[in-house]
There are 2 protein chains.
Amino acid sequence: MASGRDGDGTVGKALEVLDQVAAFGRPVRFSELLAQSRYPKATLYRFVQTLTNQGMLAFDDERGTYALGVRLVRLAHAAWRQSSLAPIARPHIDVLSRDVGETVHLAQLDNAQVLYVDKRNAREPIEMYSQAGKVGPAYCTGVGKAMLAFLPEAQLQRILPQQSFHRFTPQTLADEAALRAELGQVAKRGHAFDREEHEPGIICVALPILSAGGRVLGALSVTGTTGRSSLAGLEALVPRIRQTAEAIAAELESWRFPEGMRQAGE
Amino acid sequence: MASGRDGDGTVGKALEVLDQVAAFGRPVRFSELLAQSRYPKATLYRFVQTLTNQGMLAFDDERGTYALGVRLVRLAHAAWRQSSLAPIARPHIDVLSRDVGETVHLAQLDNAQVLYVDKRNAREPIEMYSQAGKVGPAYCTGVGKAMLAFLPEAQLQRILPQQSFHRFTPQTLADEAALRAELGQVAKRGHAFDREEHEPGIICVALPILSAGGRVLGALSVTGTTGRSSLAGLEALVPRIRQTAEAIAAELESWRFPEGMRQAGE
DNA sequence: GGGTTGGTTCCATTATTCGAAACTCAGTTT
DNA sequence: AAACTGAGTTTCGAATAATGGAACCAACCC
């Protein structure tokens with residue numbers, strides 16, 4: 001693929017505009033988009049028009065601003081339901097979080113980043129949608145490292161150069177070499193830690209969810225704070241978490257062959 | 001579905017394919033898509049290719065199936081956050097559902113349908129993402145009627161013909177005339193009921209969320225069952241619900257003018 | 001080996017998109 | 001009031017990208 005980002009064809013360009021609107025994080029004026037856009041006025045205008053009457057963008061004519069449209073939310077709902085991982089995992093992580101009494105995250109790999117697809121907050125009412133769909137760095141989160149450690153080398157080589165290695169805390173791994181070393185450990189041990197590498201005071205233990213064939217399907221993590229928990233304490237939960245991860249993987253495996261879809265052994 | 005659906009340009013057609021994949025509700029083979037598609041093989045193939053390497057679709061090469069991609073979830077998250085209604089309303093409906101002890105829904109109008117954007121289930125752990133993003137009919141839900149009743153005539157005329165008037169229950173309004181009459185009532189009264197029109201045993205009362213200028217921003221509903229609640233009981237909650245609806249509208253109004261954006265009185 | 005199904009690539013034709021420039025319509029300035 | 005400004009919208013010939021029939025490939029199955 002050519003030089004990175006470049007979208008293919010008209011559709012790619014239009015979707016790029018969507019991302020641009022998303023990046024603003026608030027309703028945005030046409031002129032604001034134009035200022036950032038690499039397309040000329042008329043072209044951008046047509047894109048925005050098209051996206052708008054496709055429901056991917058919503059135009060507020062009182063304010064003259066564009067925001068992401070409702071069709072996206074509808075599609076994302078469908079995505080969540082058919083992604084198989086999230087809906088299948090949901091009851092499992094429900095039980096898990098109740099059992100361990102801590103916050104549980106479910107994540108997937110989205111290109112070089114971690115995408116949180118579900119979350120259970122132990123005791124309090126859950127603040128959900130605001131979390132599902134959120135992306136985070138892969139190199140300094142428990143779920144990220146748990147997944148990276150089990151990736152085939154080829155994919156890893158594509159992903160690692162894309163990591164920013166921004167130092168969120170003094171514990172953050174600083175470069176690719178350090179991460180490589182850590183991933184070796186994780187692979188051997190079978191689970192990953194986050195030792196306050198992303199946020200001070202926040203630690204977690206994470207396990208990958210692996211298919212029978214060893215493919216990385218996602219990851220589970222249990223989070224604690226340095227105040228209430230310790231790494232050793234979290235590590236003690238590993239067998240319980242592994243049980244959940246394996247249950248999810250197993251159910252996923254059977255779900256993937258809906259009805260009478262014979263298939264040679266994987 | 002056949003009639004005026006025609007999308008604009010290439011982008012429209014590609015997005016149509018997305019919807020198609022969404023409609024399957026599960027990962028889908030290329031041939032399955034082709035069977036339903038109005039495009040020739042090569043054309044559809046290109047669309048699917050494009051969408052896939054744009055991250056809007058995800059291809060599972062073990063299975064040879066396409067599913068909706070992660071980019072959608074990421075975009076939807078952004079959509080939710082910048083939609084202004086959902087995140088602003090969230091704390092309000094939290095309190096409301098705690099106060100009234102019943103399930104609360106927050107909805108918006110998505111073309112001719114109702115899109116649920118948030119939900120608070122009174123006592124049990126909430127099943128959220130699985131609900132947010134769901135769409136429902138406008139003509140036979142409380143939130144739907146609450147919003148329709150306050151729409152300008154022009155918009156109503158565009159929307160009403162698109163209602164299916166499927167009779168979910170014996171109480172479902174049967175045609176446009178009946179709905180028109182009902183909407184008149186709702187507008188006068190200020191709130192709408194769902195008298196088991198969508199699901200037997202489920203009743204609700206709903207109020208629109210209106211801007212200072214009278215524009216429909218969304219709707220709130222409180223749901224009950226015929227067993228535990230009555231319409232009269234729900235109606236008693238109207239003042240409390242209205243308070244929430246107005247609080248949301250007010251906060252929304254101020255949020256819409258971020259900083260120092262003077263504006264003549266609306 | 002010949003047939004069938006599911007998926008992928010080619011490439012000449014054709015329809016779409018591109019984007020400079022012209023235009024509109026508020027406000028503002030002179 | 002006339003001229004200016006700047007955001008937003010429309011036009012239209014040239015440039016480009018989409019189109020889809022057909023050919024191709026690879027399994028799998030008689």
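Naming: A, B, ... by sequence-line order, numbering from 1 per chain.
Considering only side-chain atoms of A/Q49, the nucleotide from C/dA20, D/dT10, C/dT9 that sits closest is D/dT10. Checking C/dC18, C/dT8, D/dT9 against every side-chain atom of A/Y66, the shortest atom distance belongs to D/dT9. Closest contact between the side chain of B/T10 and the listed nucleotides C/dC18, D/dG20, C/dT17 involves C/dT17.
Contact between B/L156 and B/L148 at its shortest, heavy atoms only, is CD1-O, 3.6 Å.
Computed from coordinates, the B/L51 CG to D/dA18 P distance equals 12 Å when rounded to whole Å. In this structure, A/F47 places its CZ atom 18 Å from C1' of D/dG8, rounding to the nearest Å. At whole-Å resolution of the value, CG in B/L15 and C1' in D/dA18 are 16 Å apart. In this structure, A/L44 places its CG atom 15 Å from P of C/dT17, rounding to the nearest Å. Atom CZ in B/R29 sits roughly 13 Å away from atom C1' in D/dC28 (whole-Å rounding). Here the C1' atom of nucleotide C/dG7 and the CG atom of B/L33 are 13 Å apart, to the nearest Å. Atom-to-atom, OH of A/Y45 to C1' of D/dC12 comes out at 17 Å; the value is rounded to the nearest Å. Rounded to a whole Å, the CG atom of A/L34 is 15 Å from the P atom of C/dC18.
Among the atoms of the strands shown, none is found under 4.0 Å from any heavy atom of A/F59.
In terms of modelled atom types and a separation under 3.5 Å, the side chain of A/Q162 and the main chain of A/R158 share a donor-acceptor contact.
Between A/F30 and A/Y45, the two ring planes are perpendicular [angle over 60°; tilted spans 30° to 60°].
For B/V11 and B/F30, each mapped to the nucleotide of DNA chain C holding its nearest heavy atom, the one lying further toward the 5' end belongs to B/F30. In this structure, A/A42 and B/Y39 both approach DNA chain D, and ranking their closest nucleotides by distance from the 5' end singles out A/A42.
Between the side chains of B/Q157 and B/E153, at least one donor N or O lies within less than 3.5 Å of an accepting N or O.
OP1 or OP2 of C/dG7 lies within a sub-4.0 Å distance of a side-chain N or O belonging to B/S31. Look at A/K13 and you'll find a side-chain N or O under 4.0 angstrom from OP1 or OP2 of C/dC18. Taking only side-chain nitrogens and oxygens, B/R46 never comes nearer than 4.0 Å to OP1 or OP2 of D/dA18.
By the 4.5 Å heavy-atom criterion applied to side chains, A/R74 and B/D110 are counted as neighbours.
Taking only distance into account, the side chain of B/K41 meets the base of C/dG7 through a donor-acceptor pair shorter than 3.5 Å.
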